[in-house]
Amino acid sequence: MLNSELRQDLVSGDWIIIAPGRLKRPNAFIKKTKTVKEPKKGCPFEDPQKSGNGEPILKYPDHKDWSLQIIPNRFPVLRHRDVCGVRSSHGPYAIFPGIGHHDILITRDHDKNFSDLSRDEARLVFQAFRDRYLGIYNDKCLSYVSMFQNWGPEAGASIYHPHYQMIAMSVVPPDIQHSLAGSARYFHDHKKCVHCVMIEFEVKEKKRIVFENDEAIAFAPFVSRSPFEIRIFPKKHLSYFENTFDSDLDSAVDLLQKSLKTISKKLNADYNFFLHTAPIQDKDRYRHYHWHIEITPKVSISAGFELGTGVEINIVDPDEAAKMLSN
């Protein structure tokens with residue numbers, strides 16, 4: 001495919017331009033320099049409490065020789081309070097107090113990023129996500145929990161030591177709202193989960209699958225917003241991450257590890273990965289949704305057209321992206 005196409009996202013309804021004719025060299029996205037390793041000395045996560053961080057909220061195992069711990073962020077974007085905030089206004093603008101949780105999940109080894117962890121260590125990261133999620137689940141002040149990793153300076157990571165973040169907030173973020181609304185619309189019109197339909201289509205076409213196992217699938221979406229974007233879904237329809245059984249969670253985590261490993265090997269790129277799940281409140285309302293993980297390698301920059309129109313331009317055909325990443 002060399003001609004440009006406008007493709008409409010099945011969930012959001014947004015239009016994306018796929019323009020592979022603009023790509024002159026297949027290896028143009030490969031980062032030429034490696035991420036600079038920072039020394040352990042002076043790292044605030046090498047010995048978190050000695051460096052002035054708070055006591056662990058959760059620690060695995062629960063003794064001195066820990067392999068993973070969750071701590072409060074020293075510089076949180078939201079702060080926990082014992083009472084819920086009250087909506088107010090400033091002129092025409094709505095205001096809500098910045099109440100919530102901002103936690104950091106730290107793995108022990110300074111030089112082992114997620115793709116370098118053992119299978120059990122990688123699974124523990126997501127089991128810890130789930131444990132913490134369930135720990136704040138009954139907080140009536142909260143509506144949504146965001147779980148993500150920024151890896152590398154181009155992805156916004158200011159500290160080299162591998163770490164992950166959880167931000168729990170009192171509102172549902174706009175991107176999640178759009179995804180939920182699109183999923184609800186599709187279910188209303190077709191009586192099917194829109195994400196399950198996408199999975200079925202990818203399995204049928206067999207063009208954009210990057211990795212697959214019995215219980216999960218990783219593919220480059222037909223409507224990829226950015227080059228080499230990957231989405232990972234449990235094959236079973238699961239709306240709520242926190243209710244996911246170990247077998248389904250472990251299968252998705254295994255594919256996340258493989259996907260990040262191939263991004264590191266083939267692209268040498270910084271990346272963000274994040275998890276989209278249904279909100280905490282109103283459980284029966286979001287059964288149409290399907291939780292998943294999205295990976296965005298940092299290999300392109302949105303410029304004037306994208307920022308001015310909201311229409312992303314992807315110059316890598318998702319079929320070719322999947323072929324490159326899966327081989």
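Computed from a prediction, not measured in an experiment: that's the story for all the values here.
Side chain to side chain, Tyr164 and Thr107 fail the donor-acceptor criterion of an N or O pair below 3.5 Å. Counting only N and O atoms by type, the side chains of Glu55 and Gln69 include no donor and acceptor under 3.5 Å apart. Counting only N and O atoms by type, the side chains of Gln165 and His163 include no donor and acceptor under 3.5 Å apart. Between the side chains of Tyr60 and Gln127, no donor N or O sits under 3.5 Å from an acceptor N or O. Using modelled atom types, one finds no donor on one side chain facing an acceptor on the other under 3.5 Å when comparing Gln257 with Asp116.
Distance alone, capped at 3.5 Å, is enough to place a donor-acceptor pair between the Asn53 side chain and the Pro48 backbone. Proximity of a side-chain donor or acceptor of Glu306 to a complementary backbone N or O of Ala303 within less than 3.5 Å is detected. Side-chain atoms of Ser251 come within 3.5 Å of backbone N or O of Ser247 as a donor-acceptor pair. Looking at His110, its side chain does come within 3.5 Å of a backbone N or O of Glu38 through a donor-acceptor pair. Between the side chain of Ser143 and the backbone N or O of Ser170 there is at least one donor-acceptor pair closer than 3.5 Å. Between the side chain of His290 and the backbone N or O of Pro234 there is at least one donor-acceptor pair closer than 3.5 Å. No donor-acceptor pair under 3.5 Å is formed between the side chain of Asn272 and the backbone N or O of Asn150. Of the possible donor and acceptor atoms, none in the side chain of Asn113 sits under 3.5 Å from a partner among the backbone N and O of Pro162. In terms of modelled atom types and a separation under 3.5 Å, the side chain of Thr244 and the main chain of Phe241 share a donor-acceptor contact. Side chain of His102 to backbone of Val77: a donor-acceptor contact under 3.5 angstrom is found.
Remark: His90 NE2 is loosely packed, at most 12 non-hydrogen atoms of other residues, nucleotides or ligands lying under 6.0 Å away. Taking a 6.0 Å sphere around CG of Asp214, one finds it holds 12 or fewer heavy atoms contributed by other residues, nucleotides or ligands. Within 6.0 Å of CZ in Arg119 there are 12 or fewer heavy atoms belonging to other residues, nucleotides or ligands. Under a cut-off of 6.0 angstrom, the local environment of CZ in Arg285 is sparse, with at most 12 non-hydrogen atoms contributed by other residues, nucleotides or ligands. No more than 12 heavy-atom neighbours from other residues, nucleotides or ligands sit within 6.0 angstrom of NZ on Lys37.
Residue Ser115 comes nearest to Lys261 through the heavy atom pair O-CE, 3.0 Å, listed as atom of the first residue, atom of the second, then distance. The two residues Ala322 and Ser326 come nearest to each other via the heavy atoms O-OG, 2.7 Å. What you find for His288 and Leu180 is that their closest heavy atoms are CE1-O, 3.3 Å. The heavy-atom pair separating Thr277 from Ser239 by the smallest distance is OG1-O, 3.4 Å. Contact between Val11 and Arg185 at its shortest, heavy atoms only, is O-NH2, 3.5 Å. When all heavy atoms of Ile230 and Ala218 are compared, the closest pair comes out as CG2-CB, 4.1 Å.
In the hydrophobic clustering of ILVMFWY residues, with side-chain heavy atoms under 4.5 Å counting as a link, Val253 and Phe211 come out together. Residues Ile217 and Val194 are members of separate hydrophobic clusters, defined by side-chain heavy-atom contacts under 4.5 angstrom among Ile, Leu, Val, Met, Phe, Trp and Tyr. Grouping the Ile, Leu, Val, Met, Phe, Trp and Tyr side chains by contacts below 4.5 angstrom, directly or via other members, places Tyr289 apart from Val197. Put simply, Tyr186 and Tyr286 are part of two different groups of oily side chains (I, L, V, M, F, W, Y) that touch within less than 4.5 Å, one to the next. Criterion: ILVMFWY side-chain heavy atoms under 4.5 Å apart, direct or through other members. Under it, Leu256 and Val125 are part of a common hydrophobic cluster.
Considering only heavy atoms from C-beta on, His161 comes within 4.5 Å of Ile106 through its side chain. In this structure, the side chains of Glu215 and Asp250 stay at 4.5 Å or more apart for every pair of heavy atoms. Within the 4.5 Å cutoff, the side chain of Phe222 has no heavy atoms near those of the Met198 side chain. Using a 4.5 Å heavy-atom cutoff, the side chains of Asp103 and Arg132 are in contact. Considering only heavy atoms from C-beta on, Ile16 stays 4.5 Å or farther from Val311 through its side chain. Taking the side chain as every heavy atom from C-beta outward, His292 and Leu275 never approach each other to under 4.5 Å. Counting heavy atoms from C-beta outward, Phe45 and Ser51 have side chains that stay 4.5 Å or more apart. Using a 4.5 Å cut-off on side-chain heavy atoms (C-beta onward), Met324 and Phe228 make contact.
Put simply, CG on Asp317 and OG on Ser224 are 9.0 Å apart, with the number rounded to the nearest 0.5 Å. Interatomic distance, CG of Asn314 versus CD1 of Ile18, reported as 4.5 Å (0.5 Å rounding). Rounded to the nearest 0.5 Å, atoms CG (Asp131) and OH (Tyr137) are 15.0 Å apart. From Asp14, atom CG reaches atom CZ of Arg7 across 15.5 Å, with rounding to the nearest 0.5 Å. To the nearest 0.5 Å, the span separating CZ on Phe187 from CG on Asp189 amounts to 11.0 Å. The distance from atom CD of Glu312 to atom CD of Glu229, rounded to the nearest 0.5 Å, is 10.0 Å.
By the disulfide (SG to SG under 2.5 Å) test, Cys193 is found to be paired with no residue, residues two or more places apart in sequence or in another chain being considered.
Between Lys112 and Glu121, at least one side-chain N (NZ, or NE/NH1/NH2) sits under 4.0 Å from a carboxylate O, which counts as a salt bridge. Ion pairing of Glu212 with Lys235 is present here, as a side-chain N (NZ or NE/NH1/NH2) and a carboxylate O approach within less than 4.0 Å. Electrostatic pairing of Arg123 and Asp254 counts as a salt bridge here, judged by a charged N lying under 4.0 Å from a carboxylate O.
Using bins of under 30°, 30° to 60° and over 60° for the plane-to-plane angle, the ring pair Phe273/Phe126 lands in the parallel bin. Ring geometry for His195 versus Phe233: interplanar angle of 30 to 60°, hence tilted. Classified by interplanar angle (parallel below 30°, tilted 30° to 60°, perpendicular above 60°), the ring pair Phe274/His276 is tilted.
Figure legend: Arg108 and Trp66 shown as a cation-pi pair, the cationic atom lying under 6.0 angstrom from the six-membered ring centre and within 45 degrees of its axis.
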Q.
Arg208 vs Phe201, test: side-chain contact (heavy atoms from CB on, under 4.5 Å). Steps then yes/no.
A. CA-CA 10 Å; Arg208 288 169 294 276; Phe201 180 68; 3.1 Å; yes
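Centroid-to-centroid, the aromatic rings of Tyr160 and Trp151 come within less than 6.0 Å.
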